[in-house]
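Below you'll find the structure, written out as structure tokens, and then a few comments.
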Amino acid sequence: MDLFKDEDLLMLSGIQHIAFCERQWALIHVEQQWLENKLTVEGQFLHKKVDDPMEQDLRANTNTLRAVPLISYTLGLYGRADVVELTRSFKGDKKKSVFIDGRQGYWEMVPVEYKRGKPKSDERDEVQLCAQAMCLEEMYGIQIEIGFLYYGETRHRHEVEFSIQLRSLVCSFSKRMHELFDTGKTPPAVFMAHCRSCSLMDVCLPKASEGGTDVDQYLNEIFPRDYQ
Ligand code: SF4
């Protein structure tokens, strides 16, 4: 299997964008346009609280790591996990647990991702969490069966099983991210109901650019070069 090189790695967090809309992913990660709307600002506020390294849980048989670096040369992704919970493994199963310097014994790893709002009707959050788990599996040579999504609005956490279907979605989305990145082309807009909650609605102009190729083309059409 071909592995990606460091210079080819893409941001893992982008997998939630491509699972929502290919065009949104390309606008953010290929064209690097980003408009903050209420949804993303609230999400960042929640992440600031989560990222506080002083919030340590030091119970005897569990421990919490925050802002954990992630990398997968198989998927070609890098990023950070909000939280990775460590639970002491009394069985010492080396396929499912890892020895960590400074912490006695073996520990099972469970990624936890914090989200604003409530559970979504699609699987973009589950896909992102599963991609984090697949990075940890590759980095530490272990198997991770479950993770959790915590939602700020409901203040509830949901268990996510890393099924074969979810893992194959991660593989196909990450493959597609690399294909799109390599072509450098932004897919055309398709106006759908989810566009109303999209943070890039004002940049994408989905109704105006539907069927077009990119925002630059749309602007060129309404503002000829001489007038820009
Ligand atoms: S407005 Fe709609 S088509 Fe445009 S990026 Fe957002 S979700 Fe995609």
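Atoms within a ligand are numbered from 1 in the order they appear, just like the ligands themselves.
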Measure across [X] and [Y] and return the closest heavy-atom pair with its distance rounded to 0.1 Å.
X      : Y      : answer
Pro187 : Leu180 : CG-CD2, 4.0 Å
Ser174 : Leu77  : CB-CD1, 4.0 Å
Phe162 : Pro111 : CZ-CG, 4.1 Å

Query raised in the report: Ignoring water, what protein N, O or S atoms are under 2.8 Å from atom 2 (Fe) of ligand 1?
Result: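 Those protein N, O or S atoms (cut-off: under 2.8 Å from atom 2 (Fe) of ligand 1) are Cys195 SG.
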
Requested in this report: Output the list of atoms in ligand 1 that are nearer than 4.0 Å to some heavy atom of Phe20, sorted by atom number.
Outcome: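 Those of ligand 1 that fall under 4.0 Å from Phe20 are 7 (S).
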
Query raised in the report: Okay, side chain of Arg23, backbone of Cys204: is any donor-acceptor separation there less than 3.5 Å?
Result: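 Yes; judged by distance alone, with no hydrogens or angles, the pair exists.
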
Report task. Can you sort out the partners of Lys120 under side chain to side chain contact (heavy atoms under 4.5 Å, CB included), two or more places apart, ordered by chain and number? Result ->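 For Lys120, the residues satisfying side chain to side chain contact (heavy atoms under 4.5 Å, CB included) (neighbours in sequence not counted) are Lys115, Asp122, Arg124, Asp125, Tyr151.
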
Query raised in the report: Can you tell which of Glu145, Glu137, Glu108 makes a salt bridge (Lys or Arg N to Asp or Glu O under 4.0 Å) with Lys96?
Result: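 The option that passes is Glu145.
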
